[in-house]
Asker: 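One structure follows; several queries about it will come next.
Chain identifiers are assigned alphabetically (A, B, ...) following the order of the sequence lines, protein sequences preceding nucleic acid strands; residue numbering begins at 1 within each chain. Just so it is clear, the model here is predicted, and its values are computed rather than measured.
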2 protein chains.
Amino acid sequence: MARKNRRDAIIEAAAELFAAKGFRATTVRDIAEEAGILSGSLYAHIATKEDLYLEIVRRAAQDFSGAVGPLVDERGDAPVKLGRMIRAHLGVIDRSRAWARVYLDDDSELSEATRVEARRLRREYERLWDAVLQEGMASGQFLMADESLTRLFILSALNGIIRWYRPGGRLSIEAVADHYVQLVLRVLKAD
Amino acid sequence: MARKNRRDAIIEAAAELFAAKGFRATTVRDIAEEAGILSGSLYAHIATKEDLYLEIVRRAAQDFSGAVGPLVDERGDAPVKLGRMIRAHLGVIDRSRAWARVYLDDDSELSEATRVEARRLRREYERLWDAVLQEGMASGQFLMADESLTRLFILSALNGIIRWYRPGGRLSIEAVADHYVQLVLRVLKAD
DNA sequence: CCTACCGATCGGTAGG
DNA sequence: CCTACCGATCGGTAGG
């Protein structure tokens, strides 16, 4: 929470609201109120409501890539790396729930241009996962009949968490991550 | 496609539009146009836009339960049954894409009452999967450290399909189902 | 950042 | 099922 200016507060408020109610159901008046200003004043800081969405997706993409990306090149074999990546990915979901939700949901209510950019950012992130899956396949530690299908299966399972996990529930995110790492390694026949 | 009255046509149109654009971004004028009438005339057949949503969720829940439910009591051991259920589940997603999408997405733009009912229907459906998972655990054919976590993992992976599968792509839904059955059985250490 | 407001569009209704 | 319309609310702007 370094420099926290008004613009950041607006984006933060929008992320929470988009995550909770969806893009369309969130009004610029909701966002302004949450940020402590009036809706007209919002436009001194942003161009459009849709730009706000894009900014959230970009920051979330950075969160995920920043947490998971460096792990691809760290020491360790593919199963170990994948375990770290899963923990990091679920960690971001846990710490940045609202941002993650906006980022992971392909919101169909937006303009094509916005959706294309959001999709591009997600695809770029997915390549990190491909890299490690391929590494494990090359080393013979992962068994996959169809790599891209397997990646989709795994990432869908992981991202599903955002639909049911609530902090303070029966399991901590770390406990969930421990379980999920095991399940994913089973999928890959790696244990 | 038995009796196909105007009301059914309206619900069908709404399902396609809600799936494509979301509940909020779909207007009653969109729905009416798709059904070939004017928006005011819609209200001779429905009470509110939200009722339309509920009706779609109810029919989709019936689709899934009708296709998967009977398989729980059929002949065969748990792994065989689970394989059949996965194929049936993906079959519904394939044949009733729009309905499935509306049903599977917990739309946060709706009233509490509506969301509670939709959640109830989804929970009821999930119990079918719990039954078979428990059967496999009892027979020693499935290995799970945490049954409910494993169910969430598996169903998230399966339902993720609705976000990427498009008919006419590289793989048929049957081919995807074949792969996914194998991956799920691996998760359960059942092969 | 506020006041004051815009044109457009929304879900839904009355009366036929 | 249409015509005609309602009050409310929407994203965004002008002028300060």
Asker: With rounding to the nearest 0.5 Å, note down the distance linking CG in A:Leu90 to OG in A:Ser172.
Answerer: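 The distance works out to 11.0 Å.
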
Asker: May I ask you to check whether B:Glu124 and B:Ser65 show a side-chain donor-acceptor distance below 3.5 Å?
Answerer: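 Checked: B:Glu124/B:Ser65 side chains show no N/O donor-acceptor pair below 3.5 Å.
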
Asker: Only counting residues at least two apart or in another chain, list the ones meeting side-chain contact (heavy atoms from CB on, under 4.5 Å) with B:Glu147.
Answerer: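 B:Glu147: side-chain contact (heavy atoms from CB on, under 4.5 Å) contacts with B:Asp130, B:Leu133, B:Gln134, B:Met137, B:Met144.
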
Asker: With a 4.5 Å cut-off on side-chain heavy atoms, are A:Trp129 and A:Thr150 touching?
Answerer: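 The answer is no, as the side chains (C-beta and beyond) never meet within the 4.5 Å cut-off.
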
Asker: With sequence neighbours left out, write down each residue that passes salt bridge (charged side-chain N to carboxylate O under 4.0 Å, His left out) with A:Arg95, or none if nothing qualifies.
Answerer: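 Salt bridge (charged side-chain N to carboxylate O under 4.0 Å, His left out) list for A:Arg95, sorted by chain: empty.
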
Asker: Taking salt bridge (charged side-chain N to carboxylate O under 4.0 Å, His left out) as the test, write out the residues that go with A:Asp105, two or more places apart.
Answerer: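 Salt bridge (charged side-chain N to carboxylate O under 4.0 Å, His left out) check on A:Asp105 returns A:Arg163, B:Arg163.
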
Asker: Are there any protein N/O atoms within less than 3.5 Å of an N/O atom in nucleotides 9-16 of chain C, and if so, which ones and at what distance?
Answerer:
from: C:dG11; atom 1: OP1; to: B:Thr26; atom 2: O; distance (Å): 3.3
from: C:dG11; atom 1: OP1; to: B:Lys49; atom 2: NZ; distance (Å): 2.8
from: C:dG11; atom 1: OP2; to: B:Val28; atom 2: N; distance (Å): 2.9
from: C:dG11; atom 1: N7; to: B:Arg29; atom 2: NH1; distance (Å): 2.9
from: C:dG11; atom 1: O6; to: B:Arg29; atom 2: NH2; distance (Å): 3.0
from: C:dG12; atom 1: OP2; to: B:Tyr43; atom 2: OH; distance (Å): 2.8
from: C:dG12; atom 1: OP2; to: B:Lys49; atom 2: N; distance (Å): 2.9

Asker: Any salt bridge (Lys or Arg N to Asp or Glu O under 4.0 Å) involving residues 131-146 of chain A? Give me the pairs, sequence neighbours left out, ordered by first then second residue.
Answerer: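 Every salt bridge (Lys or Arg N to Asp or Glu O under 4.0 Å) pair that includes a residue of residues 131-146 of chain A, provided the two are not neighbours, is A:Lys81-A:Glu135, A:Asp146-B:Arg170.
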
Asker: Kindly express the pairing pattern of DNA chain D in dot-bracket notation, using | wherever a base pairs with another strand and counting only Watson-Crick or G-U pairs under 3.5 Å.
Answerer: ||||||||||||||||

